[in-house]
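Comments concern the structure below.
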Amino acid sequence: QVQVVESGGGLVQAGDSLRLSCAASGLTLSRYAMGWFRQAPGKEREFVAGIDWSGMDRNYEDSAKGRFTISRDNAKNTVYLQMNNLKPEDTAVYYCAAGSYYSDPGTYGYWGQGTQVTVSS
């Protein structure tokens, strides 16, 4: 059974940092591109960042560029999203997913249950 589990969310103030983690069982993450998505209340889920299986290639949504960094440790079967200089508009449920191509949101198939990130002003 495949399980993808996010952790690291919380309540922070604007300008703070958070690091989200994503661990998987029943799935060898090194075989997959990995991505982070988010969904704010009343909005559709959107792509935030993706990383290829090797960690060499990455892609970011415009608002994440320069503030967020996606990385992976295949030995630990874990993917991370370092988020710096957080803004209230970053408030959302953040989801981790495994897929076929890191920059194509339509190829992600295995999803976690999400972790809440709330940024107060």
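For the numbers below, each heavy atom of this structure counts, side chains included, while hydrogens, waters and symmetry mates do not. The structure displayed is predicted, hence computed values, not measured ones. Starting from 1, each residue takes its place in the sequence as its number.
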Legend entry - side chain to side chain contact (heavy atoms under 4.5 Å, CB included) between Asp57 and Ile51, intermediate numbers included: CA-CA 6 Å; Asp57 290 318; Ile51 188 169; over 6 Å; no
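- Under the 4.5 Å side-chain heavy-atom criterion for Ile, Leu, Val, Met, Phe, Trp and Tyr, Phe47 and Met83 are members of distinct hydrophobic clusters.
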Inset, instruction - List the steps and the verdict of side chain to side chain contact (heavy atoms under 4.5 Å, CB included) for Leu11 and Val117. - result: CA-CA 6 Å; Leu11 172 62; Val117 172; over 6 Å; no
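- Under the 4.0 Å criterion applied to side-chain N and carboxylate O atoms, Arg38 and Asp90 are assigned as salt-bridge partners.
- In this structure, SG on Cys22 lies 6.5 Å from CG on Leu29, to the nearest 0.5 angstrom.
- Tyr32 OH to Leu27 CG: the interatomic distance, rounded to the nearest 0.5 Å, is 5.0 Å.
- The NZ atom of Lys65 sits 13.0 Å away from the CZ atom of Arg67 when rounded to the nearest 0.5 Å.
- Using a 4.5 Å heavy-atom threshold, the side chains of Leu81 and Thr69 count as separate.
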Legend entry - side chain to side chain contact (heavy atoms under 4.5 Å, CB included) between Arg72 and Met34, intermediate numbers included: CA-CA 8 Å; Arg72 67 190 302 158; Met34 297 298 297; 3.6 Å; yes
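- Judged by distance alone, with hydrogens and angles left aside, the side-chain atoms of Thr91 form no donor-acceptor pair with the main-chain N or O of Glu89 at under 3.5 Å.
- A donor-acceptor contact shorter than 3.5 Å links the side chain of Asn74 to the backbone of Trp53.
- Gln1 CD to Ser25 OG: the interatomic distance, rounded to the nearest 0.5 Å, is 7.5 Å.
- The ring of Phe37 has its center closer than 6.0 angstrom to the ring center of Trp111.
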Inset, instruction - Show your working on side chain to side chain contact (heavy atoms under 4.5 Å, CB included) between Phe68 and Val48 and close with a plain yes or no. - result: CA-CA 9 Å; Phe68 294 3; Val48 176; 3.6 Å; yes
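- Interatomic distance, OG of Ser7 versus OH of Tyr80, reported as 9.0 Å (0.5 Å rounding).
- No hydrogens or angles considered: a donor-acceptor pair under 3.5 Å links the side chains of Gln116 and Thr118.
- In this structure, a donor-acceptor pair under 3.5 Å is present between the side chains of Asn84 and Ser17.
- Within the 3.5 Å criterion, the main-chain N or O of Gln13 finds a donor-acceptor partner in the side chain of Asp16.
- Tyr108 contributes atom OH, which lies 12.0 Å from atom CH2 of Trp36 (distance to the nearest 0.5 angstrom).
- Not one N or O on the side chain of Thr28 forms a donor-acceptor pair closer than 3.5 Å with the backbone of Ser30.
- Taking every heavy atom of both residues into account, Ser121 and Pro88 meet most closely at CB-CG, 3.8 Å.
- Asp52 places no side-chain N or O within 3.5 Å of a backbone atom of Tyr102 that could act as its donor or acceptor partner.
- Using a distance-only test at 3.5 Å, with no hydrogens or angles considered, a donor-acceptor pair links the side chain of Gln39 to the main chain of Lys43.
- With a 4.5 Å cut-off on side-chain heavy atoms, Tyr60 and Ile70 count as touching.
- Using a 4.5 Å cut-off on side-chain heavy atoms (C-beta onward), Tyr95 and Thr115 make no contact.
- Side-chain N or O atoms of Glu6 include one that pairs as donor or acceptor with a backbone N or O of Gln113 at under 3.5 Å.
- When side chains are defined from C-beta on, Val79 does not count as touching Ser21, because their heavy atoms never get closer than 4.5 Å.
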